[in-house]
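Structure in structure tokens, see below.
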Amino acid sequence: QVQLVESGGGSVQTGGSLRLSCAVSGGIFSTYGMAWFRQASGKERQFVAAISRDRYNRNYADSVKGRFTISRDNAKNTVYLQMNSLKVEDTAVYYCAARPSLGLPRGTDDWNYWGQGTQVTVSS
């Protein structure tokens, strides 16, 4: 059974940085596309960023482009989300997701495996 465990969330002030990690076990990490989504209180879960299994393709939501960077270490079975210049509107629960198929879709229904989420709170 594939398991995803996020870590690295916390509370920061506007303009600060955080690095999220997602460790994957129970599957062949190098064959999964990986993504980060987030869900603010009272809102739907939305796409943040995704990275292909070979690291060469990356997609970002327009709202985080230029501030967030997704990366992966296939030797450590881990995907990362470096978040810089954080804004209050980045406050949400951040979820890691994986899919064994090709492509980096932005819909939640297209991703097979999910972590439990980690809270990120940005205050002014």
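The figures that follow rest on heavy atoms only: side chains count, while hydrogens, waters and symmetry mates do not.
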(request) Evaluate side-chain hydrogen bond (donor to acceptor under 3.5 Å, both in side chains) for S17 paired with N84, printing each intermediate quantity in order. (result) CA-CA 4 Å; S17 297; N84 298 329; 2.9 Å; yes

(request) Report yes if some heavy atom in the side chain of R53 is under 4.5 Å from a heavy atom in the side chain of L102; otherwise report no. (result)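 Yes. Closest side-chain heavy atoms under 4.5 Å.
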
(request) Name all residues meeting the salt bridge (charged side-chain N to carboxylate O under 4.0 Å, His left out) criterion together with R67; count only those two or more places apart in sequence or in a different chain, and write none if there are none. (result)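 Result, salt bridge (charged side-chain N to carboxylate O under 4.0 Å, His left out) vs R67: D90.
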
(request) Please confirm whether the backbone N or O of V122 pairs with a side-chain atom of T91, one donor and one acceptor, at under 3.5 Å? (result)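 Yes, the answer is positive, given that a donor and an acceptor are paired below the 3.5 Å cut-off.
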
(request) Please report the closest heavy-atom contact between D54 and S52, naming both atoms and the distance. (result)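 Shortest heavy-atom separation between D54 and S52 comes out as OD1-OG, 2.6 Å.
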
(request) Measure the CZ-CD1 distance between R58 and I51 for me, rounded to the nearest 0.5 Å. (result)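 It comes to 4.0 Å.
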
(request) Mind checking the CD-OG spacing from Q119 to S11? Nearest 0.5 Å is all I need. (result) 7.5 Å

(request) Determine whether T118 and L20 make a side-chain contact, defined as any pair of heavy atoms from C-beta on separated by less than 4.5 Å. (result) yes

(message) Ring centroids only, cut at 6.0 angstrom: are W36 and F47 within range, meaning strictly under it?
(response)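 Judged by ring-centre distance (under 6.0 Å), W36 and F47 do not meet the cut-off.
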
(request) Quick one: list whatever passes side chain to side chain contact (heavy atoms under 4.5 Å, CB included) with A98, sequence neighbours left out. (result) L4, Y32, M34, Y113

(request) Using atom types as modelled and distance alone, determine if a side-chain donor or acceptor of Q82 lies under 3.5 Å from a backbone N or O of T69. (result) no

(message) More than 12 heavy atoms of other residues, nucleotides or ligands under 6.0 Å from CD of E89: yes or no?
(response) yes

(message) Using side-chain contact (heavy atoms from CB on, under 4.5 Å), reason through E44 and Q39 one step at a time and then give a plain yes or no.
(response) CA-CA 6 Å; E44 293 186 351; Q39 187 167 16; 5.5 Å; no

(request) Return yes if some donor-acceptor pair links the side-chain N/O of S85 with the main-chain N/O of G15 below 3.5 Å, else return no. (result)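 The answer is no, because no donor-acceptor pair under 3.5 Å joins these two groups.
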
(request) Mind checking side chain to side chain contact (heavy atoms under 4.5 Å, CB included) for N74 and listing every partner two or more places apart, or none if nothing turns up? (result) F29, S30, R55, R72

(message) If you define the side chain from C-beta out and look only at heavy atoms, does anything of Y95 sit under 4.5 Å from T108?
(response) no

(request) Indicate, with yes or no, if V79 and V93 share a hydrophobic cluster defined by side-chain heavy-atom contacts under 4.5 Å among Ile, Leu, Val, Met, Phe, Trp and Tyr. (result) no

(message) What's the separation between atom CG in N57 and atom CG in L104, rounded to the nearest 0.5 Å?
(response)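 The CG atom of N57 sits 6.5 Å away from the CG atom of L104.
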
(request) Look up atom CG in N77 and atom OG in S25, then write down how far apart they are to the nearest 0.5 Å. (result) 8.0 Å

(request) Decide yes or no for Q3 and W114: does some side-chain heavy atom of the first lie under 4.5 Å from some side-chain heavy atom of the second? (result) no

(message) Distance check, rounded to the nearest 0.5 Å: I70 atom CD1 versus C96 atom SG?
(response)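 Rounded to the nearest 0.5 Å, the CD1-SG separation comes out at 8.0 Å.
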
(request) Answer yes or no: is there a side-chain heavy-atom contact under 4.5 Å between N112 and P100? (result) yes

(request) Find the distance between CG (L81) and CZ (F68) and round it off to the nearest 0.5 Å. (result)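 Going from the CG atom of L81 to the CZ atom of F68 covers 6.0 Å.
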
(request) Might you point out which heavy atoms bring G27 and V2 nearest each other, and give the distance in Å? (result) CA-CG2, 4.2 Å

(message) Is any side-chain heavy atom of V64 closer than 4.5 Å to one of R38?
(response) yes

(message) Side-chain heavy atoms nearer than 4.5 Å, only ILVMFWY residues, links allowed to pass through others: does that put V12 and Y94 together?
(response) yes

(request) Tell me whether the guanidinium CZ or amine NZ of R106 lies under 6.0 angstrom from the six-membered ring centre of W111 and within 45° of its axis. (result)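 No, R106 and W111 do not form such a contact.
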
